[in-house]
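All values reported here derive from a predicted model rather than from experimental measurement. Hydrogens, waters and symmetry mates are skipped; everything else that's a heavy atom, side chains included, is used. Atoms within a ligand are numbered from 1 in the order they appear, just like the ligands themselves.
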Amino acid sequence: MTASTSAAAEPRKVIIDTDPGTDDAMAILLALNAPELEVKALTVVPGNVTAEQGLENALKLVSLAGRCDVPVAGGAKHPLAQKLVTAEFWHGSNGLANINLPTARCPADPRFGPDLIIELVHQFPHQITLIPIGPETNIALALSKDPSIASLVKEVVIMGGSISGGNVNAAAEANIYGDPEAASIVFNAGWPITMVGLDVGDRAQVMPHHTAELARTHGPENDFVVSVLKFLETLGERYGFKGVSMYDPLAVGVAIDPTLVTTQAMRVDIELHGQWTRGETVANRRNLVERNVPYRDRLRIEALDKVAPNARVAVSVDAERFVRLFMERLRSK
Ligand SMILES: [Ca+2]
């Protein structure tokens with residue numbers, strides 16, 4: 001093996017903060033089967049399902065993958081400043097497409113999720129990539145308890161937000177809507193953020209012919225993923241969707257291979273009020289604001305002020321290459 005290939009084989013250390021969730025389940029299995037990644041922990045946040053159901057699901061998923069070596073820790077029980085909104089409507093009553101996976105063999109890690117994040121970030125300074133794929137409550141709690149992690153994390157790849165309209169309503173994407181105050185803390189922490197939002201997630205779709213292809217191979221994870229995809233396909237048909245949007249798996253995909261998306265640096269603020277827009281990721285595409293100053297009986301524009309970008313927002317995706325990567329990693333597993 002040459003030096004360059006061994007360097008390339010060095011896996012990226014990641015922590016996935018998750019509210020599993022059907023697409024979370026696929027994202028977790030993708031990560032656990034990607035040699036490019038070393039999953040240091042799963043931390044569970046309430047969102048798609050309650051904290052308790054999410055922890056149970058996460059433990060079943062690592063058990064399915066035979067990966068009890070990955071710590072799985074519960075975290076927050078509710079968002080920072082609002083009621084929890086769960087999404088069994090989209091994910092099935094158990095959050096896992098109503099599929100009854102075997103009882104978990106892996107035990108839960110007793111540590112509090114945000115504390116585990118802090119601990120691992122200090123243990124591996126400048127090496128950890130955080131991949132929040134649920135509401136950002138746990139990440140915000142970790143940051144609030146220990147702001148130093150902001151300068152010690154390598155990168156944060158967030159599934160959340162949108163610069164082209166929401167899925168909860170006209171403005172907001174579900175993960176940000178689920179805890180806007182937490183998202184605001186995370187986006188303002190001054191660390192390197194890649195935002196993998198609806199803009200690209202809705203274009204990274206598994207189509208029925210992909211699912212049919214994956215259904216020709218078998219294995220516990222392969223078969224589970226096919227069942228999840230079929231559940232989502234059937235659910236989507238009811239609402240006129242053609243394929244299955246791979247929101248959370250794409251965020252993991254971007255951690256595996258950043259070239260799957262193109263990004264643009266933007267200033268992203270989280271709307272915390274707004275009559276119609278609470279939870280919106282308000283992105284300044286020009287990174288400029290007009291400076292208005294008092295003049296006689298009015299204000300007038302005096303200059304353009306630059307605003308510093310705080311996120312690289314994914315604006316396009318090589319969907320077919322991502323779906324191929326996803327299927328290759330899960331095939332026959
Ligand atoms: Ca999720």
Side-chain angles (χ1 to χ4, degrees), residues 14-32 39 41-62 72-79 84-99 113 117 129-140 156-162 166-168 172-180 182-183 186 193-202 204-206 224-225 228-229 231-232 235-236 244-255 279 281 314 322 326:
V14 302
I15 299 172
I16 301 177
D17 187 69
T18 173
D19 59 338
T22 47
D23 60 328
D24 298 78
M26 294 190 287
I28 289 165
L29 294 179
L30 171 60
L32 293 177
V39 182
L42 301 181
T43 52
V44 177
V45 68
N48 290 327
V49 291
T50 63
E52 293 73 19
Q53 181 74 61
L55 182 60
E56 183 185 326
N57 291 351
L59 290 169
K60 284 181 173 174
L61 289 162
V62 290
V72 178
K77 299 288 187 207
H78 53 76
L84 174 63
V85 184
T86 58
E88 292 86 351
F89 181 86
W90 293 115
H91 296 267
S93 61
N94 65 355
L96 295 180
N98 297 327
I99 299 160
I117 292 170
T129 296
L130 297 178
I131 313 179
I133 56 174
E136 286 161 37
T137 320
N138 281 340
I139 311 295
V156 188
V157 180
I158 292 173
M159 193 286 128
S162 169
N167 57 353
V168 170
E173 179 279 331
N175 283 345
I176 309 296
Y177 183 81
D179 196 341
V186 171
I193 291 175
T194 300
M195 180 180 123
V196 181
L198 293 181
D199 315 283
V200 284
D202 274 329
Q205 291 195 325
V206 168
F224 170 74
V225 166
V228 169
L229 287 168
F231 170 89
L232 293 174
L235 186 64
V244 175
S245 294
M246 300 291 276
Y247 304 116
D248 293 352
L250 181 61
V252 168
V254 170
T281 43
F322 163 70
F326 176 77

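The Ca ion (ligand 1) has no N, O or S atom of G134 inside 3.0 Å of it. Coordination check, D248 versus the Ca ion (ligand 1): passed, since an N/O/S atom of the residue sits under 3.0 Å.
Between N57 and N94, the side chains place no donor N or O within less than 3.5 Å of an acceptor N or O (distance only, hydrogens not considered). Side-chain contact, N175 with Y247: no donor N or O sits under 3.5 Å from an acceptor N or O. Looking only at atom types and distance, the side chain of N48 has no donor-acceptor partner in the side chain of T86 under 3.5 Å away.
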Practice prompt. For the pair L32 and V62, evaluate side chain to side chain contact (heavy atoms under 4.5 Å, CB included) and give the outcome as yes or no after the intermediate values.
Written response: CA-CA 8 Å; L32 293 177; V62 290; 4.1 Å; yes
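The atom of D19 that is an N, O or S and sits closest to the Ca ion (ligand 1) is OD1.
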